[in-house]
Amino acid sequence: MKKTKILIVEDELIVAEDLASNLEFMEYEITDILTTGEEAIESVKNNLPDCVMMDITLQGEMTGVDVAAILKKDFSVPVVFLTAHTNRDYLDRAKLTEPYGYLLKPFQDKDILMTIETAIYKHGIELKLQENEKKFRSIVENSHAGICILDEKGIVTYVNHKMAVLLGVKEEEILGKEFVIFLNKDDSVVFSKILGKIDFMDQESDREIEITLPGGIIRNLEVRASVIRDENDEIKIISQFLDITDRKKNQKKIQMLAHAVESINESVIVTNMENKVLFVNEAFVRKYGYSHDEILNKPVDIIRSKNNPLNINKDLFLETLDGGWQGELLNVDKWGREFPVFLTTSIIRDEKDYPVALVGVSRDISSDKEMQLHLRQQQKMESIGNLAGGVAHDFNNLLAVINGYTELIIGKIDVDSTIYSFLKEIEHAGNKAADLTRQLLTFSRKQVIKPKIIQINIIISNLAKMLKRIIGENIEMSMDLHEEVLPIKADPGQIEQLLMNLVINARDAINEKEYSDKKLISITSDQVVIDESFPDHDMNEHPGKYILIKVSDTGVGIEESARKKIFDPFYTTKAKGKGTGLGLSTVYGIIKQNKAYIIVDSTPGGGAEFNIYWPCLDDLLTEVSPEITKDSLRQGSETILLVEDNEKVRALSETIVKSLGYNVISAVNGKEAFEIISMPSIKIDLIISDVIMPVMDGIELAKKIQENNFDLPILFSSGYSDEYISIENLKDIGVDFINKPYSVKEISKKIRKILDNEN
């Protein structure tokens, strides 16, 4: 067993030797016996004894008290003072060095043993306390929290480095100062209230304060204060300050994010890894009808339609784990109503990158689907319209030849001849074919229109007798025409065709119904104003005054599935042979060609109502004037330049115009025609030209004639039109127009009207 080492410092050698003998007997190891303080310090430095027994008075310049102070400070060696004095001054001086014991001379063995063992034990305890204090001080100094100790008056007695950093000052600038001077006025009041709540030991109080550092930097601190009493029973307030600035910023971000999630119109749903609902936003609640309590902890399958592909939830889950999923699927609300959504999913992971939740953001795309369907319908109508227009163009040329030659032959045949009746049947069929062609052109919106300023009431009234003959005596017709409707700009023929087609459709719907109520077709007109509040989206984007023409019936009505297709070309619900399916598509073509609108309201068995909204003009009351027609052919002897690329149509036109007495020069296109016009030796009185031709079309020819100041009237002839060939555009360059196929009477009248300057 290791012996305890003792250093003896005593200037009386007899006392020192006696003490050493006793200590060795007690099995202590004597490292040295010295007489001066200087020697004692050197010996301790070399041997580091466990205890020093030293007289207060020594030889040399240093006293025992001086040596004890150095040994305590530099070597932490316990000192037991040896003295024969009980003088108060000696003892008070000795106490300043905090000795571990006193032995009065002469020594008693039992006192020596007890004093040494007590000193060594006490020193050991102090070493442990110092070690613990060092450990705890290190913890406090390196703490992430700012720590300061205040006395009961709020004066700072201790502060760690973190606290100084939080306050933006040096540690020495804080010590001894009243702590509240480092806080702004409001927060010093808050801190004082914190201190006011902890008057008793072991109580704590928490609060948040905000401080402003030099330079205007703002920090948020969480304060926890508590009270202890030290060894002198004095109150010490320990305050801990935790910087929560970043946490507060993150909380604000989270609050903003939460507000954003609650504010958006898209439905947001968060599920755990078992697909149970953890969170839904308000948009979800509004859309799906479930309250938060009703949907939370429920499986997400509750909102999935059974009409989705098999295993959709499993596929969604796996693809979300793999990075996310987006696409369309069908959802259902609380009441089982199904609707399409566009869903985007993502994964939430924890700090260890483990998946913990799934987020889904969905948007109801019902209206988008309807718009897509509407767009496809428009594209389909446009495609079929282009086809119909192209077919009608070529067919018109054929009809021009058939009808033209038939009319010429009829003019040369005796009316009593059998052949005459055959030819009249051919003429009748040709005219019907021309009407059908015009329907195709109207549907495709490529028919050339001649808009005029008209009063719709006059058109309806003039057409009433014909309409009554069409519907038959078993169906009643009523008219309610508003007296003060404004005029519209429209082709009278198109308006008549539109009304006749709607009335015929109404008649057929009534005849299909087994009647118990009144058979009635109603036609009304009214003045309306469309604004942003109008329910139809297309119309409320074009506000203004409209004429409302309403055609309603008490017929069988229209099924919802059929309402989506009634304007399709060749679509019909009638029996085979009872209709072509072009009636309502022709109506639709007229409506769209004139930038008007049509809305259908119908229920099966409850009849149908077609509402036409036609843009009207302000304060232009112009009545339709019937044209004066003459049965006789109007002839002449002027020279006419005929421009036509179709050989057979050109030959027919030459024959017809020559039969009227005119001189005819022919050209196959606009370029050839302009070369003829440019010849000084040839005088042209009128140009009759096709519109669409190769090399140079009719429009280009007309513009070239205008640019070169040739004063020549032009009569365009075509059965086909596109956007740039409307009659309005043709008037801008001073021309007139006649539809193909035309009769001999029509062309004879038109030629004379132009040559004689009849307006």
Side-chain angles (χ1 to χ4, degrees), residues 144 220 243-379 537:
H144 291 294
N220 299 98
D243 188 351
I244 58 170
T245 306
D246 292 338
R247 188 174 80 191
K248 294 284 283 187
K249 288 180 180 178
N250 289 335
Q251 285 176 346
K252 288 181 180 178
K253 288 180 181 178
I254 292 170
Q255 289 172 353
M256 289 177 62
L257 179 61
H259 179 71
V261 169
E262 291 295 351
S263 299
I264 61 175
N265 291 325
E266 282 78 7
S267 299
V268 178
I269 183 169
V270 180
T271 60
N272 61 18
M273 301 310 291
E274 287 75 42
N275 265 337
K276 297 289 183 66
V277 178
L278 299 176
F279 167 83
V280 293
N281 68 344
E282 287 301 319
F284 179 96
V285 172
R286 291 193 301 270
K287 180 64 188 173
Y288 289 83
Y290 293 101
S291 68
H292 291 277
D293 292 338
E294 288 174 326
I295 194 67
L296 293 182
N297 297 316
K298 296 292 192 303
V300 74
D301 303 19
I302 196 172
I303 64 168
R304 297 284 184 254
S305 168
K306 294 179 180 178
N307 294 320
N308 282 310
L310 196 63
N311 298 323
I312 182 66
N313 284 333
K314 181 180 178 182
D315 295 341
L316 260 171
F317 181 80
L318 293 176
E319 289 196 37
T320 302
L321 287 179
D322 195 36
W325 184 91
Q326 67 175 19
E328 296 180 12
L329 51 80
L330 295 172
N331 279 355
V332 292
D333 61 17
K334 180 180 178 179
W335 302 278
R337 291 179 297 207
E338 184 180 82
F339 52 92
V341 299
F342 186 83
L343 175 66
T344 301
T345 67
S346 57
I347 192 77
I348 299 176
R349 299 180 180 274
D350 62 13
E351 63 277 2
K352 295 181 180 178
D353 204 34
Y354 292 132
V356 293
L358 291 78
V359 180
V361 180
S362 63
R363 177 173 55 88
D364 184 353
I365 56 172
S366 301
S367 59
D368 294 350
K369 288 288 189 182
E370 290 177 5
M371 289 181 65
Q372 289 173 5
L373 183 63
H374 181 62
L375 180 60
R376 284 197 296 269
Q377 179 76 357
Q378 285 187 324
Q379 291 172 337
H537 178 70

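The model shown is predicted, which means the values in this text are computed figures rather than measured ones.
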Taking all heavy atoms of [X] and all of [Y], pick out the closest pair and write down the distance.
{"X": "L278", "Y": "L296", "answer": "O-CD2, 3.3 Å"}
{"X": "P340", "Y": "K369", "answer": "CG-CG, 4.0 Å"}
{"X": "V270", "Y": "A357", "answer": "CG1-CB, 4.0 Å"}
{"X": "R349", "Y": "L321", "answer": "NH2-O, 3.6 Å"}
{"X": "I269", "Y": "I303", "answer": "CD1-CD1, 4.4 Å"}
{"X": "F279", "Y": "N281", "answer": "CE2-N, 3.8 Å"}

Review point. Side chain of N275, backbone of P299: donor and acceptor closer than 3.5 Å?
Key: no
Exercise for review: Report yes or no: do S291 and D293 form a side-chain donor-acceptor pair below 3.5 Å?
Suggested key: no
Practice item. Starting from the C-alpha separation in whole Å, work towards a yes-or-no answer on side chain to side chain contact (heavy atoms under 4.5 Å, CB included) for F317 and M273. Key: CA-CA 9 Å; F317 181 80; M273 301 310 291; 3.9 Å; yes
Point to revise | Which residues share a ring-ring contact (aromatic ring centres under 6.0 Å, His included) with Y290, sequence neighbours left out | key: none
Check your understanding: Which residues satisfy the ring-ring contact (aromatic ring centres under 6.0 Å, His included) test with F339, sequence neighbours excluded?
Key -> Y288
Point to revise | Greater than 12 external heavy atoms within 6.0 Å of K276's NZ | key: no
